[in-house]
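Side-chain atoms are counted along with the backbone in the values below, which use heavy atoms only and exclude waters and symmetry mates. Just so we're on the same page: letters track the sequence lines, and every chain starts at 1.
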Amino acid sequence: MVAMDMRAVIAGALGDALAKLGIPEDVLSGGPPHVERSAVRAHGEWSSNVALVASKRAGRSPRELAQALADIIQAAPPRHLRSVEVAGPGFLNFDLHESWLHESLRNIVELGEDRFAVFGTGNGEHVQLEFVSANPTGPLHVGNGWWGSYADALARLLERCGWLVTREYYVNDTGGQIKLLGESILASRSGRQAPEEGYKGDYIATLASSYEGPEDATAAGRWAAERILENIRSTLETIGIHFDEWFSQASIEESGAVEETIDLLRQRGLVYELDGATWLRSTQVGDSRDRVLVKSDGAPTYLAGDLAYHRNKFLVRGFDRVIDVFGADHHGHVSSLLAAVEAMGVERGRLEVKIGQMVSLAEGRMSKRAGTFVSLDSLISDIGPDATRLLSLLSSMDQAATLDLEIVRRQSMENPVYYVQYAHARISSIDRVRVDRGITRVDLADVDLSVLAHERELEVLRRLTELPDVVLDACRERAPYRVTTWVRKLAGCFHGFYHDCQVMGDGVPDGLMQARLWLVEGARIGLSIGLGLLGVRAPESM
RNA sequence: GCCCUCGUAGCUCAGAGGAUAGAGCGCCGGCCUCCGGAGCCGGGUGCGCAGGUUCGAAUCCUGCCGGGGGCGCCA
């Protein structure tokens, strides 16, 4: 069954009313009509701007048109409608009877965690999500965790909205960086000075002490990269990030796919030779400068490998859509990638590149040079996996963020992680008390929900009804932090309810207790879905 | 210099064409015969600047100012 959709009910009533006035719905000036939740309670539960956008077409003033629509709707009101009023410049405000919220709660409980706020928008299309993809030359930093948490939460949103998602890590296991890594290992092993620009962390010495392979930079580099990658994998596992595929750059270079890709681009007249190197004429497809594909020493550039990789994604494996999530430091790479992929014949729009902004810590700049580099591992052991995820998903990834660790170290309400998890723990606690007292929850069908009339109760219910919109918006906007914002609001409503409305107790009549038990169950479902999307545990006790 | 991105409360951030711009922290003050006080309630400040589009702009467009990032035969 489908969750009750009040927007559809109201939009339907408006459509019928417009039809009665002889106004076609599809050609309105001033943009599409909206039916949305009122920002202010005094404006009813829902409101619509339809009279504002249709007034020119109708040849009547917005308020006049709104009144005409209101009259028609009043004459045959849809279910749950208490009143419809014209307000402001011509808004229609719909005030609903609380039965709307009671029916919604029934729907939510019946659908449950697995079906409430689930959509088929993606239609089973296959999306490849590439993220983290950090060079296996050192431990992950805080930014990798931040962008990784973003991407993984986005994957969960896409899955809930009907896409099939492959999570993939592109492993830069070849090229100059690996050789440099190997040189650093070899230098450390024999007590020599690390090479200029080489890798110098403690992990280099640790690795070097157990390296028993040949005195060959590439061999040593590959050996070290494998071990570092294993550590990266396990770090990501601790914050709930699991990849379906670890795609090796070396494998694509060795397979001949790079040459095939360059041939493909050459056929389109986009490749030329200069100074012994092979160049991509990317300026012809919208880039700011041409780029080298094959260096004069014969080795392919990172771009060439990446283009072959993207050709593989689209033209070999046939993903319908690809989303790359890169850190801000990969920014310079984006325009050439987009341009070249389009030049391969992949329609613009099938490749999306999301760039995460830089992250800093409130208690000190994060800088490799200054030696204040903070590893993701140390962050996780400091504040825990849940806080690491939630902190990363607190705000938009488009904005450079400052993480305040002091707050999430506290075990109190100021800490958003505790705030939302505690709400869930309280729900579980209520259920434990219920069982201890031998109270049975009556079948929902036999419970009268109309006794839920306290403002605290209604707030929780209203919030719950927003979740489907939140999921859809967050997915479409690629903005998982919107789920976080909602979860925090729901938790807030729940704490307020819990404070003012005792569920079980001497003064609480049986009927009200039963209704409240179901409200608590609804809140549990909403919190579980939200936290699940964020990859944050929903604990039963804390 | 060019490209991208972001400027919202003292701080960290929501709001992304709608009506009176919201939270948390910090600061001040209330509330414990109560399923977990790890909580709840109240108190006030703000859309970087200037134009434009629109019935309506924090939101879209242009310019400027400011922060961050990028512009390698590195990845």
Side-chain angles (χ1 to χ4, degrees), chain A residues 29-31 34 36 38-40 42-43 47 49 52-53 55-56 61-62 87-91 93 133-135 137 172 174-178 180 197 249 274-279 287-289 291-303 305-306 327-336 355 357-358 360 362 394-396 398-404 406-407 410-416 418-419 421-423 425-427 429-434 436-437 456 473 477 479 481-482 484-485 488-489 492 495-508 516 520 541-542:
Chain A
S29 67
H34 298 296
E36 45 194 20
S38 303
V40 182
H43 297 154
S47 65
N49 66 347
L52 288 160
V53 298
S55 76
K56 268 187 189 161
S61 81
F91 288 103
N93 292 336
S133 297
N135 289 344
T137 51
N172 303 152
T174 182
Q177 305 286 328
I178 294 299
L180 188 59
E197 306 279 313
Q249 180 179 355
L274 182 70
D275 298 337
T278 304
W279 290 74
D287 200 356
S288 56
R289 55 182 287 272
R291 313 274 172 174
V292 172
L293 292 171
V294 181
K295 298 184 263 185
S296 48
D297 68 4
T301 59
Y302 175 78
L303 175 64
D306 207 22
D329 51 341
H330 272 65
H331 190 107
H333 180 59
V334 176
S335 55
S336 46
I355 295 293
Q357 293 301 304
M358 300 302 280
S360 58
L394 231 34
S395 62
S396 162
D398 299 331
Q399 195 158 328
T402 306
L403 307 183
D404 187 348
E406 195 45 51
I407 283 181
R410 295 182 208 165
Q411 311 244 322
S412 70
M413 170 277 163
E414 314 132 49
N415 176 347
Y418 272 76
Y419 192 75
Q421 290 192 319
Y422 184 48
R426 273 189 152 165
I427 289 170
S429 158
I430 288 172
D431 205 51
R432 282 192 296 272
V433 169
R434 179 183 69 75
D436 284 351
R437 295 190 185 175
R456 296 291 207 183
D473 286 349
E477 303 295 328
Y481 72 91
R482 294 196 186 185
T484 316
T485 301
R488 297 173 78 185
K489 286 179 183 167
H495 286 309
F497 158 78
Y498 180 89
H499 186 263
D500 287 356
C501 303
Q502 204 179 352
V503 177
M504 292 160 287
D506 294 340
V508 184
R516 283 181 172 168
V520 170
S541 64
M542 299 180 66

Can you name the closest pair of heavy atoms from A/Tyr422 and A/His495 and give their distance? CD2-CE1, 3.5 Å
A/Gln177 to A/Thr137 - nearest heavy-atom pair and separation: O-CG2, 4.0 Å
For the pair made of [atom1] in [X] and [atom2] in [N], what is the distance, rounded to whole Å?
X: A/Asn49; N: B/A57; atom1: CG; atom2: C1'; value: 15 Å
X: A/Leu403; N: B/G24; atom1: CG; atom2: C1'; value: 15 Å
X: A/Glu36; N: B/G15; atom1: CD; atom2: C1'; value: 13 Å
X: A/Lys489; N: B/C40; atom1: NZ; atom2: C1'; value: 20 Å
X: A/Leu394; N: B/C11; atom1: CG; atom2: P; value: 18 Å
X: A/Ile427; N: B/C35; atom1: CD1; atom2: P; value: 17 Å
X: A/His495; N: B/C35; atom1: NE2; atom2: P; value: 16 Å
X: A/Glu477; N: B/U59; atom1: CD; atom2: P; value: 17 Å

Quantified in whole Å, what is the [atom1] atom distance between nucleotide [N] and nucleotide [M]?
N: B/G52; M: B/C11; atom1: P; result: 31 Å
N: B/A9; M: B/G15; atom1: C1'; result: 14 Å
N: B/C64; M: B/C27; atom1: P; result: 43 Å
N: B/U59; M: B/A50; atom1: P; result: 13 Å
N: B/C13; M: B/G1; atom1: C1'; result: 34 Å
N: B/C60; M: B/U53; atom1: C1'; result: 8 Å
N: B/U12; M: B/G18; atom1: C1'; result: 28 Å
N: B/A21; M: B/G44; atom1: P; result: 14 Å

Quick check for you: to the nearest 0.5 Å, what is the distance between [X] atom [atom1] and [Y] atom [atom2]?
X: A/Arg291; Y: A/His333; atom1: CZ; atom2: NE2; result: 9.5 Å
X: A/Asn49; Y: A/Phe91; atom1: CG; atom2: CZ; result: 6.5 Å
X: A/Ser429; Y: A/Asp436; atom1: OG; atom2: CG; result: 9.5 Å
X: A/Gln502; Y: A/Arg516; atom1: CD; atom2: CZ; result: 8.5 Å
X: A/Arg482; Y: A/Glu477; atom1: CZ; atom2: CD; result: 5.0 Å

Return the polar atom pairs (N/O with N/O) between nucleotides 19-23 of chain B and the protein under 3.5 Å, or none.
{"residue": "B/A19", "atom": "N6", "partner": "A/Ser47", "partner atom": "OG", "Å": "3.1"}
{"residue": "B/A19", "atom": "N6", "partner": "A/Asn93", "partner atom": "OD1", "Å": "2.9"}
{"residue": "B/A19", "atom": "N1", "partner": "A/Asn93", "partner atom": "OD1", "Å": "3.0"}
{"residue": "B/A19", "atom": "N1", "partner": "A/Asn93", "partner atom": "ND2", "Å": "3.1"}

With both distances kept under 3.5 Å, what pairs with [N], Watson-Crick or G-U wobble?
N: B/A16; answer: none
N: B/C71; answer: B/G1
N: B/C64; answer: B/G48
N: B/C40; answer: B/G30

Sugar-phosphate, base or nothing in reach of A/Arg456, heavy atoms under 4.0 Å: sugar-phosphate
With a 4.0 Å cut-off on heavy atoms, is A/Ser541 in touch with a base, just the backbone sugar-phosphate, or nothing at all? base
Is a side-chain N or O of [X] found less than 3.5 angstrom from the main chain of [Y], in a donor-acceptor match?
X: A/Thr174; Y: A/Gln249; result: no
X: A/Asp275; Y: A/Ala277; result: no
X: A/Thr301; Y: A/Leu293; result: yes

Establish, with yes or no, whether the OP1 or OP2 oxygen of B/C40 is under 4.0 angstrom from a side-chain nitrogen or oxygen of A/Tyr422. no
Using only side-chain N and O atoms of A/Tyr481, determine if any of them is under 4.0 Å from OP1 or OP2 of B/A16. no
Contact state string [nucleotides 65-75 of chain B, B base, S sugar-phosphate only, - no protein heavy atom under 4.0 Å]: ---SBSSSBBB
Find out whether A/Arg432 and A/Ser541 are in side-chain contact, i.e. whether some heavy atom of one side chain is under 4.5 Å from a heavy atom of the other. yes
